[in-house]
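Note: hydrogens, waters and symmetry copies are ignored here, and every other heavy atom, side chains too, is used.
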Amino acid sequence: MKLTITKRAANFYINEIPLQKDDALRLFVRVGGVGSGGFSVGVQKDVPQPTSYTIVQEGILFFVNEDDFWYIDGMTIDYNEDINLMTFDNPNWTNIDHPDKKE
């Protein structure tokens with residue numbers, strides 16, 4: 001499992017949620033939806049499980065539970081200040097709207 005969360009993305013979450021140093025934020029997958037298909041990445045304050053993948057950025061513990069490893073593995077989460085937009089890039093996916101992970 002590999003996940004990159006940039007400092008810009010971490011600071012966006014810190015300011016928007018808001019988060020304090022040592023808070024834990026779970027990243028999870030929301031599949032489908034009316035008219036959208038595909039998936040999106042959700043966030044929620046939570047406590048990691050012993051088997052969770054964890055990464056610390058800007059004093060915040062970000063984690064992914066095993067059920068979501070397949071979707072999030074290889075992802076880079078960033079924040080583009082110029083257009084005020086979170087970006088989720090994963091070179092393992094050929095089509096982010098309808099995942100078909102490359103082998």
Which heavy atom of Gly42 sits nearest a heavy atom of Arg30, and at what distance? CA-CD, 4.1 Å

Between Ile17 and Asp23, is any pair of side-chain heavy atoms under 4.5 Å apart? no

Look up atom CD1 in Ile77 and atom CZ in Arg8, then write down how far apart they are to the nearest 0.5 Å. 13.0 Å

Minimum side-chain heavy-atom gap Val64-Leu3 below 4.5 Å: yes

Would you indicate whether Gln20, at its atom CD, is surrounded by more than 12 heavy atoms from other residues, nucleotides or ligands within a distance under 6.0 Å? no

Please examine the side chains of Thr76 and Ile5, heavy atoms only from C-beta on, and report whether any two atoms are closer than 4.5 Å. no

Does NZ in Lys45 sit with more than 12 non-hydrogen atoms of other residues, nucleotides or ligands closer than 6.0 Å? yes

Taking side chain as C-beta onward, heavy atoms only, is Phe63 less than 4.5 Å from Ile55? no

Separation between CG of Asp78 and CZ of Phe12, rounded to the nearest 0.5 Å: 11.5 Å

Please tell me whether Asp73 and Tyr53 have a donor and an acceptor in their side chains that are separated by less than 3.5 angstrom. no

Taking the side chain as every heavy atom from C-beta outward, state whether Arg26 and Val43 have any atom pair closer than 4.5 Å. no

Taking the side chain as C-beta and beyond, is there a heavy-atom pair between Leu19 and Leu25 under 4.5 Å? yes

Reported CD-to-OH distance for the pair Glu16 and Tyr79, which is rounded to 0.5 angstrom: 7.0 Å

Linking I/L/V/M/F/W/Y whenever their side-chain heavy atoms sit closer than 4.5 Å, directly or via other members, would Tyr13 and Ile60 fall into one cluster? yes

Value for NZ (Lys2) from CG (Asn92), rounded to nearest 0.5 Å, stands at 9.5 Å

Closest non-hydrogen atom pair between Gly74 and Pro91, with its separation: O-CD, 3.6 Å

Membership question, hydrophobic clusters at under 4.5 Å side-chain separation (ILVMFWY): are Phe62 and Phe28 in the same one? no

Nearest-0.5 Å distance that lies between atom CE in Met1 and atom CG in Asp68: 8.5 Å

Check whether any side-chain heavy atom of Met75 sits under 4.5 Å from a side-chain heavy atom of Thr4, and report yes or no. no

With rounding to the nearest 0.5 Å, note down the distance linking CG in Asn80 to OG1 in Thr87. 7.0 Å

Could you verify whether a donor N or O on one side chain and an acceptor N or O on the other, from Asn65 and Ser52, lie under 3.5 Å apart? yes

Any heavy-atom pair between the side chains of Val29 and Ile72 that's under 4.5 Å? yes

